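First the proteins, then the strands, lettered A, B, ... as listed; each starts at 1. Note that the coordinates shown come from a computational prediction; the quantities given were computed from them, not determined experimentally. Only heavy atoms go into these numbers, but all of them, side chains included; no hydrogens, no water, no symmetry mates.
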Amino acid sequence: MNQVSLAVIGLTMGLAVGFNPTLISIISIYMASMIGRQTKKQYYTLAGLFLLIVFALLVLLIAGLLTTILSNLSLIYSDSINLLIAILGVITGTSLVRRYFWPKPLMNVPDSLKKALNYRTTKKTGIFNILYLALFLFFASLNTVGITLLLLSSYNVTLSSSVVVWSLPFAIGLIIPLYFIIVVITLGNKVSVVIAWKENNKNTMRLCSGLIIILLSWLQLLIIATGEIIVS
Amino acid sequence: MGTIFVDLTTLQLVGIKTIVGGFVTIGLILLFNGISKNSTKGSFPIFLLLCGVITFSTLILLTLAINTVVLTRGWQ
């Protein structure tokens, strides 16, 4: 697998997990609150774009951290950790596929977190609030974005590639669908239309993300099985 | 030092066939039940079937991976 394939995988994975119902909800509510506060169109578009850029930078930072941690792990654990990450990917993917059939989550989000998110999305403004929101975006998408980052970092370590090769296309792919939502709202479409579209398609989005995460985990197992073989 | 022969082509072939076969089966199951309709919502047998395919393919790939790790590198 060369660097171009890794970049294409990064971009595809970013696009696949970027269509995330939770991320779309948070972005839509944030934009709606800005419109509700009579903010000028160019300001709320810029604020939305800035939030996405901060989120992408956070994803890049976490990708770098994960890769550094995984590549510096002792060789005693490296094979076991890579196998465990692939198994974790299959389990997470299956749990996302389950939500296509039964949308109710296995664990409910704590009320305190919901309140904090609502407060940060609708009441607060400013640069620090955008930093908080970017952290919330990452935390809310941990089961898709987090596990994908872990899997891609594991690929990176197995294939001894550079982290920028896949993390940059991944971050770009991740924010493209969210930027599309901002553009749709900026063009004058109602936020309720975006929310309704998200509600109608959220289970299919989860199904696609789940299946793609399973595919990525299977590829990881295949790379472990066929790559880096030393015959002596 | 003994020589360990690992038939890489066979391993790759089995692995790729497992991934493609698994995904085609999952696709067919979803297609058969209408991916765009609500008919599959809450359908336990279909979900069980999907879980079966996912587990089966994962186990084959896991066996190949463990086999390679143990045979060629030793368990690290």
For residues 173-193 of chain A, tabulate all N or O donor-acceptor pairs below 3.5 Å that involve a side-chain atom, not counting sequence neighbours.
from     : atom 1 : to       : atom 2 : distance (Å)
A:Thr186 : OG1    : A:Thr45  : OG1    : 3.4
A:Thr186 : OG1    : A:Ile182 : O      : 2.6
A:Asn189 : ND2    : A:Val184 : O      : 2.9

query: Hey, which of B:Leu61, B:Thr55, B:Leu50 has the most heavy atom pairs under 4.5 Å with chain A?
result: B:Leu61
- request: Work out which heavy atom in A:Phe101 is nearest to a heavy atom in B:Leu30; give both atom names and the distance.
  value: CZ-CD2, 4.4 Å
task: Determine whether B:Ile16 and A:Leu222 make a side-chain contact, defined as any pair of heavy atoms from C-beta on separated by less than 4.5 Å.
output: yes
- prompt: Is there side-chain contact between B:Leu62 and A:Val90, with heavy atoms separated by less than 4.5 Å?
  reply: no
query: So which of A:Asn201, A:Asn82, A:Leu215 has the largest heavy-atom pair count under 4.5 angstrom toward chain B?
result: A:Leu215
message: Heavy-atom pairs under 4.5 Å with chain B: which of A:Leu211, A:Val97, A:Ile214 has the most?
response: A:Leu211
- request: Can you spot which of B:Leu64, B:Thr18, B:Thr58 makes a side chain to side chain contact (heavy atoms under 4.5 Å, CB included) with A:Leu221?
  value: B:Thr58
Those residues of residues 19-26 of chain B, ordered by number, that approach chain A below 4.5 Å (heavy atom to heavy atom):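 Under the 4.5 Å heavy-atom cut-off, B:Ile19, B:Gly22, B:Phe23, B:Ile26 qualify.
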query: Is it the side chain or the backbone of A:Ile87 that comes within 4.5 Å of chain B heavy atoms, both, or neither?
result: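 Contact with chain B is through the side chain of A:Ile87 alone.
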CD1 on B:Ile60 to CH2 on A:Trp218, rounded to 0.5 Å: 9.5 Å
